[in-house]
S.K.: 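Mind having a look at this structure? Questions to follow.
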Amino acid sequence: MSATVVSIDGPSGAGKGTISRLLAGRLGWHLLDSGALYRLVAYAGLRQALAADDRAGHARLAQSLDSHFGARADGSELILLDGIDVTQGIRSEASGMGASRVAAWAEIRAALLARQRAFARPPGLVADGRDMGTIVFPAAALKIFLVATPEERALRRYNQLKGKDSGVSLAALSREIAARDRQDATRPVAPLVPAGDAVVIDSTGLTVAEVVERVWHLGGERGLWQE
Ligand code: DC
């Protein structure tokens, strides 16, 4: 591995994305949003009208994915697929469910592995996902497993999507989050489990700043950065 990696894994809506972005920003490190890669594969499949169970077709898309992760002039996130802005489109719950479905297929995970590892470049990487600490970066210097109660996660997701995904309701989100948790945790390949050496943080009732501080302190204790 070519750079120090901090992995932040956990279920949907636990706050991994927010915490990872803030931590990477504070450190000036690279950021890997691995969920976005699975979302892009599902999104590209939908766009090409692939059958939902076409594993080979989705695997081909995963291998040849032309994606770009960048930032707009105002600093907000910009994700391109084949040069087209899909930043909003891949965040819908439909893309999330599609991502969870294709992410259960070993050939998709294999096709995305090298692409994910290539994000580990100096000065360091904060990697956000489900299997960052177990499979993609097993030698990560600090592994966090971030959890929160299903109720809190549904509420956070609701607040996040409210303005973007007009059809969204809290009850439907709770059901979808429960279904996605089940699907991600019970799949035979790379199921959602904490690495043996991960530090579990329960963010229920904690503010974003409090969670960032905990991670910051853990990294400081390990000498990854100066507190
Ligand atoms: O983090 P997210 O909601 O954007 O992820 C979307 C789906 O992708 C999630 O339900 C499971 C899958 N995923 C995965 O299997 N492995 C990862 N490292 C990241 C996401």
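When a ligand or atom number is given, it counts from 1 through the structure's own listing order.
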S.K.: Which residue and non-hydrogen atom of the protein lie closest to atom 12 (C) of ligand 1, and at what distance in Å?
M.R.: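 The closest one turns out to be Ala103 CB, 3.6 Å.
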S.K.: Please verify whether a non-hydrogen atom of Arg157 lies at under 4.0 Å from ligand 1.
M.R.: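 A heavy atom of Arg157 does come that close to ligand 1.
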S.K.: If the threshold is 4.0 Å, N to carboxylate O, is there a salt bridge linking Arg109 and Asp131?
M.R.: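 Looking at Arg109 and Asp131, the cut-off is met.
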S.K.: Might you work through the side chain to side chain contact (heavy atoms under 4.5 Å, CB included) test for Trp29 and Trp225, ending with a clear yes or no?
M.R.: CA-CA 12 Å; Trp29 286 12; Trp225 49 74; 4.0 Å; yes
S.K.: Would you indicate whether the side-chain heavy atoms of Thr87 and Phe69 approach each other to under 4.5 Å?
M.R.: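 A side-chain contact is absent here, since even the closest heavy-atom pair is not under 4.5 Å.
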S.K.: Between Asp33, Asp131, Leu112, which one has a non-hydrogen atom sitting closest to atom 18 (N) of ligand 1?
M.R.: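 Closest candidate by heavy-atom distance is Asp131.
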S.K.: Are any of the side-chain nitrogens in Asp53 or Arg101 under 4.0 Å away from the carboxylate oxygens of its partner?
M.R.: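 Result for this pair is no, no salt bridge flagged.
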S.K.: Using 4.0 Å as the upper bound for N to carboxylate O, is an ion pair formed by Asp54 and Arg60?
M.R.: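 Looking at Asp54 together with Arg60, the answer is no, because their closest N to O distance does not fall below 4.0 Å.
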S.K.: Is it the case that ligand 1 has an N or O less than 3.5 angstrom from some N or O of Asp128?
M.R.: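 Between Asp128 and ligand 1 (N or O atoms, distance only) the closest approach is not under 3.5 Å.
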S.K.: Using a heavy-atom cut-off of under 4.0 Å, does the side chain or the backbone of Glu93 touch ligand 1, or both, or neither?
M.R.: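 It is neither; nothing of Glu93 touches ligand 1.
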S.K.: So is Met97 in contact with ligand 1, going by heavy-atom distances below 4.0 Å?
M.R.: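 Not so, Met97 does not reach ligand 1.
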S.K.: Among all protein heavy atoms, pick the one closest to atom 16 (N) of ligand 1 and tell me residue, atom and distance.
M.R.: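 Checked against all protein heavy atoms, atom 16 (N) of ligand 1 sits closest to Arg109 NH2, 2.9 Å.
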S.K.: With heavy atoms of Asp184 as the reference, note each atom of ligand 1 found under 4.0 Å away.
M.R.: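 Those qualifying, in numeric order: 9 (C), 10 (O), 11 (C).
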S.K.: Would you mind checking which non-hydrogen protein atom is closest to atom 20 (C) of ligand 1, with the distance to 0.1 Å?
M.R.: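 Here the closest protein heavy atom is Gly35 CA, 3.5 Å.
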S.K.: Any luck finding a side-chain donor-acceptor pair between Ser12 and Arg130 under 3.5 Å?
M.R.: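 Distance-only check passes for Ser12 and Arg130.
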S.K.: Give the atoms of ligand 1, by number and element, whose distance to some non-hydrogen atom of Ala99 is under 4.0 Å.
M.R.: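 Once the distances to Ala99 are compared, the set is 6 (C), 7 (C), 8 (O).
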S.K.: Should Arg153 and Asp181 count as an ion pair when the cut-off is N to O under 4.0 Å?
M.R.: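 Looking at Asp181 together with Arg153, the answer is yes, because their closest N to O distance falls below 4.0 Å.
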S.K.: Does Met132 come within less than 4.0 Å of ligand 1, judged by its heavy atoms?
M.R.: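 The answer is yes, since Met132 has a heavy atom less than 4.0 Å from ligand 1.
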S.K.: Go through ligand 1 atom by atom and flag the ones less than 4.0 Å from a non-hydrogen atom of Ser100.
M.R.: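 With Ser100 as reference, the close atoms of ligand 1 come out as 7 (C), 10 (O).
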S.K.: Counting only heavy atoms, which portion of Arg39 has something under 4.0 Å from ligand 1: side chain, backbone, both, or neither?
M.R.: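 Side chain only.
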S.K.: Please state which protein non-hydrogen atom is closest to atom 19 (C) of ligand 1 and give its distance, to 0.1 Å?
M.R.: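 For this ligand atom, the closest protein heavy atom is Ser34 OG, 3.4 Å.
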S.K.: Using 4.0 Å as the upper bound for N to carboxylate O, is an ion pair formed by Glu176 and Arg180?
M.R.: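 Judged by the 4.0 Å cut-off on N to carboxylate O distance, Arg180 and Glu176 do not form a salt bridge.
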S.K.: Can you see whether His217 engages Glu213 through a side-chain donor-acceptor pair at a distance of less than 3.5 angstrom?
M.R.: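 Side-chain D/A pair, His217 to Glu213: absent.
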S.K.: Could you identify the single nearest non-hydrogen protein atom to atom 1 (O) of ligand 1 and state the distance to 0.1 Å?
M.R.: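 Of the protein heavy atoms, Arg130 NH1, 2.8 Å lies nearest.
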S.K.: Please could you name the atoms of ligand 1 that Arg180 approaches to less than 4.0 Å, counting only its heavy atoms?
M.R.: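 That gives atoms 3 (O), 6 (C), 7 (C), 9 (C), 10 (O) of ligand 1.
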S.K.: Does a salt bridge link Arg39 with Glu93, judged by any charged N lying under 4.0 Å from a carboxylate O?
M.R.: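 No.
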S.K.: Quick one: do Glu77 and Arg91 make a salt bridge, cutoff under 4.0 Å?
M.R.: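 So Glu77 pairs with Arg91 through a salt bridge.
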S.K.: Return a yes/no value for Gln116: is any of its N or O atoms, backbone included, closer than 3.5 angstrom to an N or O of ligand 1?
M.R.: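 No; every N/O pair is 3.5 Å or more apart.
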